[in-house]
Amino acid sequence: AGSLMTTKLSQPQSTLAKSLTSTSTNAPYFKALESTEIPSYVTNCPSNGLCSRLPPDCMTCNTNYSCIYGKTATFDCKVKPHVHCVDENNHEQENFTINMTCQFCWQLATSDYVCTNSTNCMTVSCPRQRYNATCTVRDHIHCLGNRVFPKMLYCNWTGGYKWSTALALSITLGGFGADRFYLGQWREGLGKLFSFGGLGIWTLIDVLLIGVGYVGPADGSLYI
């Protein structure tokens, strides 16, 4: 009986030992798989391109927050793992420098980032409404701080001005400034009226500018 109990007890222990052994031998295998996995940011990093032209997500830079605002600053950077880039002489490098304007991302020009649009904006409101947007800096722009930031933006709205009406007035009565008066631009309208449309030259220019939408309502609203 004693030998039978010893046999029964030894079986679970041997099974447990096998499971521990198999787990310990497989652990390095799983670690190897994890180490060879390519990070997601690599897909956005051009291969063998100039290091200075890489998107910010492809590099790690020593941020210098003591730089002078608005001035050009130099930052020491290093490419992230699995990213390959070259210098101007087509030599592969890991450490390099980039020049950028010393400013935070939320201080960039509106053309340097893309923001979400609001679906709750009122197209006609006074005063003009704002909405909370989430903005993301474009890939080729370098800046300090978070590249994704909140911003209060004005809603797109209209004051009821029609582009077709403005264009028709510019063609027919533009010499008397009717188009500028219609758009709420009184000073320009008076200038066209007393100069007879700039002897016709101003009239032709306004037809082109209103036709392409460059000249709009004085209150900053959009055409209908």
Minimal non-hydrogen separation, S195 against G191, with atom names: OG-O, 2.6 Å
Side-chain heavy-atom pair V137, F149 within 4.5 angstrom cut-off: yes
Heavy-atom side-chain proximity of S52 to C85 below 4.5 angstrom: no
Test side-chain contact (heavy atoms from CB on, under 4.5 Å) applied to V215 and Q185, step by step: CA-CA 10 Å; V215 173; Q185 303 175 7; 3.8 Å; yes
F196 CZ: over 12 foreign heavy atoms closer than 6.0 Å: no
Step-by-step side-chain contact (heavy atoms from CB on, under 4.5 Å) determination, I210 to L169: CA-CA 10 Å; I210 294 176; L169 290 174; over 6 Å; no
Over all atoms of both residues, closest heavy-atom pair of D179 and A166: CB-O, 3.9 Å
Heavy-atom side-chain proximity of L144 to F75 below 4.5 angstrom: yes
Distance (rounded to the nearest 0.5 Å) between D57 CG and K80 NZ: 6.0 Å
Path from I201 to Y214 over hydrophobic side-chain contacts below 4.5 Å: yes
Heavy-atom closest contact (I141 atom, P56 atom, distance): O-CG, 3.6 Å
Closest non-hydrogen atom pair, W186 against F181: CE3-CD2, 3.1 Å
Whether Y182 and Y161 hold their rings parallel, tilted or perpendicular, with breakpoints at 30° and 60°: perpendicular
Nearest-0.5 Å distance, CH2 of residue W163 to CG of residue L183: 12.5 Å
Transitive ILVMFWY cluster of L199, excluding itself - 4.5 Å side-chain cut-off: none
Gap between atom CG of L209 and atom CG of L204 - 0.5 Å precision: 11.0 Å
L108 with I68, same ILVMFWY side-chain cluster at under 4.5 Å: no
Cysteine SG atoms at C115 and C135 closer than 2.5 Å: yes
CZ-CG distance between R147 and D139, expressed to the nearest 0.5 angstrom: 7.0 Å
Co-members of L153 in a cluster of I, L, V, M, F, W and Y side chains, linked at under 4.5 Å: Y131
Any donor-acceptor N/O pair, T116 side chain to T134 backbone, under 3.5 Å: yes
Single-linkage hydrophobic cluster, 4.5 Å side-chain cutoff, I171 and I205 together: yes
Atom of E188, atom of W202 and distance for their closest heavy-atom approach: O-CH2, 3.6 Å
Under 3.5 Å donor-acceptor pairs involving side-chain atoms of residues 89-104, not counting sequence neighbours:
from, atom 1, to, atom 2, distance (Å)
E92, OE2, H84, ND1, 3.0
Q93, NE2, N95, O, 3.4
N99, OD1, T74, OG1, 2.9

Nearest non-hydrogen partners of C51 and M59, listed with the distance: O-CE, 3.9 Å
Exceeds 12 heavy-atom contacts within 6.0 angstrom, atom CZ of R138: yes
Connected via hydrophobic side-chain network under 4.5 Å: V148 and Y113: no
Whether K192 side chain and G174 backbone form a donor-acceptor pair below 3.5 Å: yes
N146 CG: over 12 foreign heavy atoms closer than 6.0 Å: no
